[in-house]
Amino acid sequence: MRASQLFIPTLREVPAEAEVISHKLLLRAGFIRKAAAGVYTLLPLAWRVIKKIEQIVREEMDREGGQEIMMPVIQPAELWQESGRWDVYGPELFRLKDRHGRDFCLGPTHEEIITDLVRHEISSYRQLPRLLYQIQNKYRDERRPRFGLMRGREFIMKDLYSFDRDTAGLDESYKKMYGAYTRIFQRCGLRFRPVEADSGAIGGKDTHEFMVLAESGEATVLFCPQESCGYAANDERAETPPDLWTAGGEPAPLQEASTPGSHTVAQVTAALGVDPRQIIKTMLYRTEQGVVAALVRGDREVNEIKLQKAANVLRLELADASTVRQITGARVGFAGPVGLPGVKIIADREVMALVNAVAGANRDETHLINVNPGRDFTPHLVTDLCLARAGDPCPHCGAPLEAARGIEVGQVFKLGEKYSRALNATYVDENGQTRYMVMGCYGIGVTRTMAAAIEQNHDQNGIIWPVSIAPYQAVVVPVSNKEPAHMALAEKVYRDLAAAGMEVVLDDRDERPGVKFKDADLIGYPLRLTIGNRTVESGQVEVRRRGGGETVPVPVDDVVETVRQILAQS
RNA sequence: CGGGAUGUGGCGCAGUUUGGCUAGCGCGCUUGCCUUGGGAGCAAGAGGCCGGGGGUUCAAAUCCCUCCAUCCCGACCA
């Protein structure tokens, strides 16, 4: 393509709305434009990148036996009511009504639709397993869309759904997808890490997230630095072997201490001169089964996912000030487990190891000292409630875990029978028995993958596309489009490359060379071929790799082969 | 959802506090000349319901009310 004909509206200045680098560069380099908050038009360059990522995804899905289908974006409420998610999904679900007043939603995911399809069309074990996938727009009315394509309200997802006869079959499908995902992100040129994750709202058992490592990532992952171990999990999932620290000593009599104004751990440690680990932090949560108190050591934070599981509740939210007052009789910051009636108390293991600890007294401006778990209060349950952090021991090998930020670009789930039961998706096995299908679902955020690639591959001048997903592989830049010798050679090089099957742009715009170079760097073509006075007389072309590498003169007749080799190596 | 900020040609901004006369600047855009190895120069132009609605006033980008949009921060660790 000729740059003079291409729709690539680059910007010299950064639009004020962009925060992260991928958003800034996508706007500046002319890849995207915003239509509404979290909703974008993908311009030709972005669409080319998306199609390349999609193609990689397709090839790897097909290789594992996946079959592509297209499902509706608009989904009837009935199916969501049948699965129970119409009420559970909350305000993130885009809801709408048709002219008759019937309820619909814009699909944030397609378990309902596909399970409905499969229950009607598949009835025998002979038809299983089935792996069906789609690549299309999905919708979530995010409470806060941000970071451009990283957290949009409309985005492109690949979702594959597996239907198996039993859990052994599911394990097989899961393994296939895990392998496919590893290949996909490798082929996209990304530095990533699969981590153990929590299944969250979609429900299910095993799950891994594929995290692209980048500072701008919204998720925290913890991983074991020991290569032989390889443990990695997100911070919500990571198990925390208990640190049974104790100040020791003999249990002393319970006492009250006046702690005016000390409603945080830091303030209490300062007021009483104790180690934060000596404090029992009491967090009150509202659930559909009443208020639950979570106890963790003062230096720890509550992991709400673990708490939710331990409490076996569906909904969990931190109690507001008036609820705290009602339960404890005190303002926020003075809750404690001693004499806390009518509240289910769940304690972390580390709390139980403490001797003569400090806790809120359930009275304003007062704490208790010499609190001894087991003597002064007895939790209903003791378990792991800690949010993991760097430095915690690896649950497998004990080495201190390291933390990193990650962008979640893919997730693989074992759903089990959750949806097949809810929607009655059954088959008849070889013994004539009716059984529920066993499902898995496997998503990749395609638009987010594009953004993540930029987060990981850029410099101060612009994007540095991995060759496999670059919108074009090379740009040919004649230094002057008024110089017949430059243009003639540029045209030849351009045609030769195109004839050899390369995706190449000829920058034939009537611009000064500086402008073309700046745009080439900004857009991030992996290769730039420059034609100017320095080499044109000797019949050479300068070849330069984006993102490092020197400018190398190459004889015209060798250009195609040289480019082919460089691209093959990348 | 809570808090904060912003909304002025395509982009980035000034002007608003202290109402006033043709609403400015840089970039981009158009035309011409000139120039061509890292976002050139000169000249002449085009382009603005000052986010919407309502109000105050002789007079509103500027003051008041209201709505909308966008961005940021937070969403509670007791």
Side-chain angles (χ1 to χ4, degrees), chain A residues 9-20 23-24 27-28 30 33-39 90-92 141-148 259 261-269 276 279-286 291 293-304 307 317-325 327-328 330-337 340 348 358-362 364-367 385-387 389 460-462 477-483 486-487 507 509-522 528 530-536 542 544 551:
Chain A
T10 57
L11 300 172
R12 293 196 180 197
E13 290 174 282
V14 192
E17 68 191 45
E19 179 74 5
V20 297
H23 191 193
K24 287 179 182 171
L27 287 167
R28 273 198 68 204
R33 287 294 183 265
K34 186 178 67 176
V39 180
E92 284 203 357
D141 195 357
E142 292 282 348
R143 58 188 152 182
R144 190 175 161 200
R146 57 178 157 179
F147 300 155
T259 51
S262 298
H263 60 271
T264 66
V265 167
Q267 289 162 346
V268 174
T269 55
I279 291 174
I280 298 172
K281 186 152 73 178
T282 305
M283 303 292 292
L284 298 174
Y285 287 86
R286 291 171 54 169
V291 173
L295 310 186
V296 294
R297 224 169 51 184
D299 62 317
R300 291 289 195 177
E301 294 206 355
V302 173
N303 182 327
E304 296 186 359
L307 175 62
E317 62 176 358
L318 208 49
D320 56 67
S322 66
T323 305
V324 171
R325 166 71 64 184
I327 296 291
T328 68
R331 71 184 176 107
V332 173
F334 298 92
L340 198 60
D348 186 76
V358 174
N362 299 321
D364 280 350
E365 323 304 337
T366 311
H367 278 76
L385 290 182
C386 291
L387 189 66
R389 62 189 174 197
Q460 64 278 14
N461 294 315
V477 181
V479 166
S480 169
N481 71 332
K482 298 271 172 55
E483 189 67 54
H486 293 185
M487 283 309 290
D507 195 344
R509 294 176 300 165
D510 183 15
E511 291 285 357
R512 295 168 61 83
V515 173
K516 298 184 191 182
F517 294 153
K518 286 288 186 188
D519 273 352
D521 286 352
L522 185 59
R528 189 181 89 198
T530 309
I531 289 143
N533 286 331
R534 284 183 194 162
T535 57
V536 72
E542 292 165 61
R544 175 172 150 135
T551 301

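Labels below follow one simple rule: chain letters A, B, ... track the order of the sequence lines, proteins then strands, and each chain is numbered from 1.
Remark: P of B/rG37 and CG of A/Asp521 are 16 Å apart, rounded to the nearest angstrom. Here B/rC1 presents its P atom at 15 Å from CD of A/Glu142, a figure rounded to the nearest Å. Whole-Å rounding puts the A/Asp364 CG to B/rA78 C1' distance at 12 Å. Whole-Å rounding puts the A/Arg325 CZ to B/rA78 P distance at 18 Å. Note: CD (A/Glu317) to P (B/rC1) measures 15 Å, nearest angstrom. Following rounding to the nearest Å, A/Met487 (CE) and B/rU36 (P) show an atom-to-atom distance of 17 Å. Distance CG (A/Asp507) to P (B/rG37): 15 Å, rounded to an integer number of Å. In this structure, the CG atom of A/Leu522 is 17 Å from the P atom of B/rG38, given to the nearest Å.
The gap from the C1' atom of B/rU30 to that of B/rG9 amounts to 14 Å, rounded to the nearest Å. Between B/rC42 and B/rU70, the two C1' atoms lie 39 Å apart (nearest whole Å). Spacing of C1' atoms, B/rG24 relative to B/rU8, comes out at 10 Å, to the nearest Å. Taking atom C1' on both nucleotides, B/rG48 is separated from B/rU22 by 14 Å, rounded to a whole Å. Here the separation of B/rC49 from B/rC68, taken at their C1' atoms, is 16 Å to the nearest Å. On the P atoms, B/rG32 is 24 Å away from B/rC25, given to the nearest whole Å. Look at the C1' atom in both B/rG47 and B/rU66: the space between them is 31 Å, to the nearest Å. For the P atoms, the distance from B/rG53 to B/rA14 is 24 Å, rounded to whole Å.
A/Thr328 comes within 4.0 angstrom of no nucleic acid atom, judged by non-hydrogen atoms across all strands. Among the atoms of the strands shown, base atoms are found under 4.0 Å from some heavy atom of A/Arg528. Counting non-hydrogen atoms under 4.0 angstrom, A/Val14 reaches the backbone sugars and phosphates but no base. At the heavy-atom level, A/Arg28 lies under 4.0 Å from base atoms of the strands shown. Contacts of A/Gly360 with the nucleic acid, taken as non-hydrogen atoms under 4.0 Å apart, are absent. A/Glu19 comes within 4.0 angstrom of the backbone, heavy atoms only, and of no base.
With sequence neighbours excluded, the residues forming a side-chain hydrogen bond (donor to acceptor under 3.5 Å, both in side chains) with A/Arg286 are A/Asp320, listed by chain and number. In this view, A/Phe334 and A/His367 satisfy the ring pair (Phe, Tyr, Trp, His ring centres under 6.0 Å) rule, not counting sequence neighbours. Under the side-chain hydrogen bond (donor to acceptor under 3.5 Å, both in side chains) criterion, A/Glu17 pairs with A/Lys34, sequence neighbours left out. A/Arg389 meets the salt bridge (Lys or Arg N to Asp or Glu O under 4.0 Å) test with A/Asp299, A/Asp392; sequence neighbours excluded. Considering only residues two or more places apart in sequence or on other chains, A/Arg534 meets the salt bridge (Lys or Arg N to Asp or Glu O under 4.0 Å) condition with none of them. A/Asp348 meets the salt bridge (Lys or Arg N to Asp or Glu O under 4.0 Å) test with no other residue; sequence neighbours excluded. Partners of A/Arg544 according to the side chain to side chain contact (heavy atoms under 4.5 Å, CB included) rule, which considers only residues two or more places apart in sequence or in another chain, are A/Arg528, A/Thr551. In this structure A/Glu142 satisfies the salt bridge (Lys or Arg N to Asp or Glu O under 4.0 Å) test together with A/Arg151, sequence neighbours excluded. Partners of A/Ala16 according to the side chain to side chain contact (heavy atoms under 4.5 Å, CB included) rule, which considers only residues two or more places apart in sequence or in another chain, do not exist here.
B/rA69 is paired with B/rU6 under the Watson-Crick or G-U wobble criterion, all donor-acceptor distances under 3.5 Å. Nucleotide B/rC25 has B/rG12 as its partner under the Watson-Crick or G-U criteria, with both atom distances under 3.5 Å. Using Watson-Crick or G-U wobble geometry with both donor-acceptor distances under 3.5 Å, B/rC1 finds its partner in B/rG74. Nucleotide B/rU56 forms no Watson-Crick or G-U wobble pair with any nucleotide shown, as no partner meets the under 3.5 Å limit on both distances. Partner assigned to B/rC34 is none, using Watson-Crick or G-U wobble distances below 3.5 angstrom.
Checking A/Ile531 against A/Thr282, the closest nucleotide of RNA chain B that is more toward the 5' end is the one next to A/Ile531. Comparing A/Ile280 and A/Lys34 against RNA chain B, the residue whose closest nucleotide sits nearer the 5' end is A/Lys34.
At least one donor-acceptor pair under 3.5 Å links the side chain of A/His486 to the backbone N or O of A/Ser480. Formation of a donor-acceptor pair under 3.5 Å by the A/Asn362 side chain with backbone atoms of A/Gly336 is found in this model. In this structure a side-chain-to-backbone donor-acceptor pair under 3.5 Å is present from A/Arg33 to A/Leu27.
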Any protein N or O atoms within reach of nucleotides 75-77 of chain B? Criterion: under 3.5 Å, listing atom names and distances.
unit_1: B/rC77; atom_1: O3'; unit_2: A/Lys281; atom_2: NZ; d: 3.4
unit_1: B/rC77; atom_1: O2'; unit_2: A/Lys281; atom_2: NZ; d: 2.9
unit_1: B/rC77; atom_1: O2; unit_2: A/Val302; atom_2: N; d: 3.1
unit_1: B/rC77; atom_1: N3; unit_2: A/Val302; atom_2: N; d: 3.1
unit_1: B/rC77; atom_1: N4; unit_2: A/Val302; atom_2: O; d: 3.3

* Just by protein heavy atoms under 4.0 Å, how would nucleotides 23-28 of chain B read 5' to 3' in B, S and -? -> ---BSS

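Proximity of residues 510-520 of chain A to RNA chain B (heavy atom under 4.0 angstrom from any strand atom) is restricted to A/Glu511, A/Arg512, A/Pro513, A/Gly514, A/Val515, A/Phe517, A/Lys518, A/Asp519.
A salt bridge links A/Arg331 with A/Glu365: the distance from a Lys NZ or Arg NE/NH1/NH2 to an Asp or Glu carboxylate oxygen falls below 4.0 Å.
Side-chain contact between A/Met283 and A/Leu307: absent, with no pair of heavy atoms (C-beta onward) separated by less than 4.5 Å.
Residue-to-nucleotide contacts include no donor-acceptor pair under 3.5 Å from the side chain of A/Asn533 to the base of B/rG37. On a pure distance criterion of 3.5 Å, a polar donor-acceptor pair joins the side chain of A/Arg544 and the base of B/rG38.
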